[in-house]
Amino acid sequence: MASNSSKFSPLILFLLCLLATTISAASRGGIAIYWGQNGNEGTLAATCATGKFPYVNLAFLNVFGNGSNPELNLAGHCDPASGGCVSLSTDIRSCQKQGVKLMLAIGGGIGRYSLSSQLDARNVSIYLWNAFLGGKSSSVFRPLGDAALDGIDFDIELGSSQFYDDLVRYLKSYCSPKQKVYITGAPQCPFPDRLMGTALNTGLFDYVWVQFYNNPPCQYTSGNTTNLINSWNLWSRSIRTKKLFLGLPAATQAAGSGFIPADVLTSQILPVIKKSPKYGGIMLWSKFWDDQSGYSSSVVSEL
Ligand SMILES: *[C@@H]1O[C@H](CO)[C@@H](O)[C@H](O)[C@H]1NC(C)=O
Ligand SMILES: *[C@@H]1O[C@H](CO)[C@@H](O)[C@H](O)[C@H]1NC(C)=O
Ligand SMILES: *[C@@H]1O[C@H](CO)[C@@H](O)[C@H](O)[C@H]1NC(C)=O
């Protein structure tokens, strides 16, 4: 049963894959944005066609693990369960043609998800690979059709912290020179993140967009940048990731607290955080709120 179709060992393939990811990383700051949780935020294709967002996270797969049947929720956009979202493959391909990286965001603030064992983490990784990434299985329905997303974004805000490090490792093991598997994440700013710290410690995350909001001790508060900058510096020193992003609400109503006026961001904060070697840009929650506020348009040229 020997095969000569691959002359590389899995380890070498894995290293090649990491190298490819590093080389393709953009050098100036970009905007990552969440799309999917409001039907009135334009299509995925239109989001990518703005040219403002090199990274788009599709939110959320909010039910998975512990024996559950996984559920994708895309609010008013379409109904994944009835096959109503398979036509998104056309949008996915058009985004990727423009160089936009698309991640499936798993978790979120409302849902039912947890991993009950290492074996469960493996089962979920197989599901994610076959349902959303480069895998194919006749027994697994692909809610977004046959186009393959570029990776998985971890937004674990509920339940237990356990076995997400295993899930990250299993997902990364699918990475090959033919298809990279990006791993990204949106921890809360209190360091280390209570639920995602262990997973982040694997050092396998390509991009980390920390939520510097809804957490007064580590966010911008009324004219004072001290807590935010201190927290950014702590993350920047401590975390092993290729790029670190400043995650922000795109409008005052987009979060309970932590909104930063665009002029404060560009004049007082970007000049400081851009000095960090890991600086990758900003993350915004969400496309819907950005449409209301015009935030990305006000700051994109300053990143
Ligand atoms: C494995 O994952 C599938 C979803 O793909 C789920 O329906 C099933 O219950 C899981 N199996 C176990 C043993 O948890
Ligand atoms: C898994 O589900 C069982 C039964 O519903 C529950 O008792 C248990 O706490 C769950 N485990 C995790 C890690 O969520
Ligand atoms: C800003 O906040 C920090 C930390 O809470 C505090 O020590 C400092 O005095 C504040 N600066 C101003 C100008 O209010």
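These figures come from a predicted structure and were not determined experimentally. Read the numbers this way: they start at 1 and go in the same order the structure lists the ligands and their atoms.
Side-chain N/O atoms of N233 and S236 include no donor and acceptor closer than 3.5 Å. Side-chain contact check for D153 and Y34: at least one donor-acceptor pair (N or O, by modelled atom type) lies under 3.5 Å. In this model, a donor atom of one side chain and an acceptor atom of the other lie less than 3.5 Å apart for S297 and K52.
Proximity to N224 (heavy-atom distance under 4.0 Å) selects the following atoms of ligand 3: 1 (C), 2 (O), 3 (C), 8 (C), 10 (C), 11 (N), 12 (C), 14 (O). In summary, the atoms of ligand 1 found under 4.0 Å from a heavy atom of P70, numbered by their order in the structure, are 4 (C). Within ligand 3, the atoms closer than 4.0 Å to a non-hydrogen atom of N227 are 4 (C), 5 (O), numbered from 1 in the order shown.
For Y113 and F60, the ring centers sit 6.0 Å or farther from each other. Taking the six-membered ring for Trp and the full ring otherwise, the centers of Y207 and Y55 sit less than 6.0 Å from each other.
Linking Ile, Leu, Val, Met, Phe, Trp and Tyr residues whenever their side-chain heavy atoms come within less than 4.5 Å places L72 and Y127 in a single cluster.
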Atom pairs, nitrogen or oxygen, ligand 2 to protein, under 3.5 angstrom:
unit_1	atom_1	unit_2	atom_2	d
ligand 2	2 (O)	N66	ND2	2.4
ligand 2	11 (N)	N66	ND2	2.9
ligand 2	14 (O)	N66	ND2	3.4
ligand 2	14 (O)	S114	OG	2.7

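Considering backbone and side-chain atoms together, Y127 places no N or O closer than 3.5 Å to any N or O of ligand 1.
Salt bridge status for R169 with D166: present, with a side-chain N to carboxylate O gap under 4.0 Å.
For the residue pair I156 and I106, the shortest heavy atom distance occurs at CD1-O, 3.9 Å.
By the criterion of a heavy-atom distance under 4.0 Å, neither the backbone nor the side chain of T221 is placed next to ligand 3.
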